[in-house]
Amino acid sequence: MATPINKVPLGGLALRLVQQGVVDEQKAEKLQESAAKHKNSFFTEALENKGVDNNQLAQHASEEFGVPLFDIGSIDVELAPINLIKESLIEKHKILPIYKRGAKIFIAISDPTDTYALDQVKFHTGLGVESVLVDFRKLESAIDRALEANDETFEGMADDEGLEDIDISAEESQDNRDTSDIEQIDTPIVRFVNKILLDAIKKAASDIHLEPYERKFRVRYRIDGVLHEITSPPINLAGRIVARVKILSRLDIAERRAPQDGRMKLRLSKNKSIDFRVSTLPTLYGEKCVIRILDSNAETFGIEVLGFEEDQKNAYLDAVQRPYGMILVTGPTGSGKTVTLYTALGMLNVPERNISTVEDPVEINMAGINQVTINEKANLTFAASLRAFLRQDPDVIMVGEIRDLETADIAIKASQTGHLVLSTLHTNDAPSSLTRLLNMGVAPFNVASTVHLIMAQRLIRNLCLNCKKEIKIPEQALINAGFDENELDDLELFAPVGCDACTQGYKGRTGIFQVMPVTQDMGGLIMRGCTEIDIAELAHDEGVADLRRSGLNKAKSGITSLEEIERVTNL
C-alpha cells in the first residue's frame, strides 16, 4: 500500500520512543495523528494513553527536551512558595512553584512542551523561570496537598470575628495608583493583617517587621525599643500578606525589585485614628516590610515625665525660653527626639507666637502649629521649607533633621536673625554634634554664636513595678560600670523578672540625657579649633553628666536595671 501523501514522518519524542522500544511505530503514528486532530502536543496525547508507560515517557521526554527529571515526593510541598502564583494559574496549567532563589523561580510541570504556561508564570511574577519535569499523577497530588495546606492555614487565620470590617485606608496622595487589586486578596489574609495591626497597637509596639526567609516567615514587634517575635505564618503566605499591606498603603504590588514607601491610616473611632508609615525592601527570599506606627493624635508628655534630672530640666527650660538661637537634640532613630522637641513646642505654643515645623514625616499633630511634611518629588525639602518659613514671619522653627550644609546654613542664619530654631542630628553624644556641624562646613563662629544647647538622649526600659527584684552585684563590677566607691554603701539595684503585666520584666520607657549648654568657654574652644575630645573634657569639667552617668542615676533610683543601662550606653 502506498504511503499517504499527507502523512507526517515521525520525529522528536515520537521517534525516540520508537527507537527505544517504548511504543511501536504504528502506535506512535496513531498518537501523532490523534495529537494533530485534538490540537495537543504528542507528549500530552501519549500521557493520556493507557498504552504508554508514564515513567518511561517522562524519562525520555526529559532527555529529548533537556528538562531535568525531578521526584516531587522528595520535598515538603506545604513549604512551596505558591503565594507567588495565582491559584487559578496553578489549577489551569497544572504547575507548581517548588523553589525560589534570587530572581528565579523553579516550576514543576508534567508537560515539557507547555511553554505557554511558563510564559504566563514569567509574566505574572516578573521572575526568571526554570522548569523541572515530574510525574503527572504525583504532580496532581502535590498540587492538591499544597492548596489544601493553604486553605487550612486560612481557616486558622479567620477565627476572630469582624476583623475584615476594620476601617483601614491608604493615605490620600497625589500619586493615585490603581487599587483594584484589593479584591484579589483573600478575606482571611485581610483579617490576619488587621489582627497584626490591632495587636501591635494594643501591645504599644512602635514597629512591625514582616520578614521572609528561605523556610520561614516571621512577624516581629518592636516593644519598648526591643524586637520580639510574635508569630511565624507559613512561608507560602508571605507574598499575600505583604501584598495586602502594599495595597493598603497604595504601593505598586507588581513592583518587587525596588524599595517602596507609603502610608496608611487605621480609624479606630470617629475621633481616633492611627497612621502607619510603610517601607518595603527586596531581600533574597522576598520583600521585607516594616510598618512604623505613628499615633499622630498622641498627647505630648509634660517635661516632668520625660526623665530629666533637675539640673538638666532647668538647662533645657532656660534654652527653650530664649527668643533666638539654636537647640539641637541628638541620638539614633527611635531615641525619643521628636517627643522631646514637641514637649518644648507645647510649652511655646501660645497665640502670640508663630511656630512652623518641617519633618519627614510629621509624627505628632499639634493644633496651633504649622506643620509641613517634606516631599522630595515636589522638591519640598528641608532647605526649601526653611526658606519659605523665613518669608512667613516665624518666631519658632523646628527642622526635623539637619542632613546637609544647605539646611544647616539656613537654620544657622535663621537663629541669627531673631528666631528660635530646634532641630535634630544623628550623632552619638552632645560633643560630637558640634564637630559634626564643623565637618559639614559650618563656620566655627556661627556654631559658637548660635548654638545654645545640645542634648543627647536615649530611651531606656523601665522595670515593672509589680515584679522587679533586688539583686546583689560585686563591688568591682559596680565600679567597672561607672559607680564611685562612695556610692556603694547604700546602693540598691533591681533586676527584671517578668509577669503578666509587663514584657520580660519591663514596662514603658523613660529618657536618659546628656544636656550640654554651649558656654562662653566652650564657644572660645570652638573658635580656636578643637576636637570632640576637647569639648567632652570641658563639658565634664563644667559638670555635664554623660549618658552613662545619667543612666546610672536611673538605676540607683530603681527605675531601670544596670543590665539595661549597659545595653543602651555601652558605647
Side-chain angles (χ1 to χ4, degrees), residues 300 303 312-330 337-360 362 364 366-374 380-425 427 430 433-438 440-455 515-527 535:
T300 53
I303 194 169
Q312 294 175 334
K313 182 180 75 172
N314 293 334
Y316 187 45
L317 289 174
D318 178 66
V320 167
Q321 295 302 328
R322 293 193 182 192
Y324 59 87
M326 180 178 285
I327 299 171
L328 294 174
V329 181
T330 183
K337 301 186 296 296
T338 300
V339 171
T340 300
L341 289 177
Y342 266 95
T343 300
L345 292 180
M347 293 185 290
L348 295 171
N349 187 17
V350 295
E352 293 79 20
R353 288 194 180 96
N354 177 19
I355 304 176
S356 298
T357 74
V358 55
E359 302 167 71
D360 181 23
V362 173
I364 299 175
M366 183 174 286
I369 292 180
N370 310 293
Q371 297 173 285
V372 175
T373 295
I374 71 166
L380 183 62
T381 61
F382 283 119
S385 299
L386 270 174
R387 291 193 189 94
F389 286 169
L390 293 177
R391 295 192 290 269
Q392 298 216 334
D393 186 31
D395 295 301
V396 180
I397 297 172
M398 190 189 90
V399 184
E401 182 185 349
I402 293 178
R403 298 175 177 173
D404 50 50
L405 176 58
E406 183 182 17
T407 305
D409 190 48
I410 299 171
I412 289 283
K413 289 178 180 176
S415 64
Q416 290 174 329
T417 54
H419 309 96
L420 179 63
V421 179
L422 293 79
S423 189
T424 71
L425 281 174
T427 57
S433 296
L434 288 173
T435 54
R436 171 75 184 278
L437 289 174
L438 296 174
M440 277 186 183
V442 180
F445 170 81
N446 286 334
V447 175
S449 62
T450 59
V451 180
H452 291 162
L453 182 84
I454 301 179
M455 183 166 63
V515 182
M516 187 181 78
V518 180
T519 61
Q520 189 172 358
D521 289 343
M522 194 170 293
L525 194 63
I526 295 169
M527 291 290 294
I535 297 172

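This structure is a prediction, so every number in the text was calculated from the model and none was measured.
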**Report entry** Spacing of Glu401 atom CD and Thr330 atom OG1 [to the nearest 0.5 Å]
**Finding:** 9.5 Å

Query - Residues forming a side chain to side chain contact (heavy atoms under 4.5 Å, CB included) with Thr381, sequence neighbours excluded - result: Glu376, Asn379, Ala383, Ala384

Report task. State, yes or no, whether a side-chain contact exists between Ile535 and Met522 at a heavy-atom distance under 4.5 Å. Result -> yes

Query raised in the report: How long is the span from the CD atom in Glu406 to the CE atom in Met440, to the nearest 0.5 Å?
Result: 12.0 Å

Report task. Determine which pairs satisfy salt bridge (charged side-chain N to carboxylate O under 4.0 Å, His left out) with at least one residue from residues 337-357, sequence neighbours left out, and list them in order. Result -> none

Query raised in the report: Which residues satisfy the side-chain hydrogen bond (donor to acceptor under 3.5 Å, both in side chains) test with Lys313, sequence neighbours excluded?
Result: none

Query raised in the report: If you measure from CG on Asn446 to NZ on Lys413, what distance do you get to the nearest 0.5 Å?
Result: 8.5 Å

Report task. Would you check, one step at a time, whether the test side-chain contact (heavy atoms from CB on, under 4.5 Å) holds for Val329 with Leu422? Result -> CA-CA 8 Å; Val329 181; Leu422 293 79; over 6 Å; no

Query - Polar side-chain atom of Tyr316 near backbone of Ile303 as donor-acceptor pair, under 3.5 Å - result: no

Query raised in the report: If you measure only the distance, is there a donor-acceptor pair under 3.5 Å linking the side chains of Gln392 and Asn354?
Result: no

Query raised in the report: Counting only N and O atoms by type, is there a donor-acceptor contact under 3.5 Å from the side chain of Asn370 to the main-chain atoms of Ile355?
Result: yes

**Report entry** Straight-line distance of Leu525 CG to Leu434 CG, nearest 0.5 Å
**Finding:** 9.5 Å

Requested in this report: Compare all side-chain heavy atoms of Leu437 with those of Leu425 and state whether any distance is below 4.5 angstrom.
Outcome: yes

Query - Test item: His419 side-chain N/O and Ala414 main-chain N/O as donor-acceptor pair under 3.5 Å - result: yes

Query raised in the report: Under 4.5 Å between any side-chain heavy atoms of Leu317 and Met347, yes or no?
Result: yes

Query raised in the report: Between Val442 and Leu405, what is the shortest heavy-atom contact and its length?
Result: N-CD1, 3.8 Å

Query raised in the report: What is the distance from atom CG of Leu390 to atom CD1 of Ile397, rounded to the nearest 0.5 Å?
Result: 5.0 Å

**Report entry** Interatomic spacing from CD in Gln371 to OG1 in Thr357 - rounded to 0.5 Å
**Finding:** 4.5 Å

Query raised in the report: Shortest non-hydrogen contact from His452 to Tyr324?
Result: CE1-O, 3.1 Å

Query raised in the report: Would a distance-only check, ignoring hydrogens and angles, find a side-chain to backbone donor-acceptor pair under 3.5 Å from Thr424 to Gly400?
Result: yes

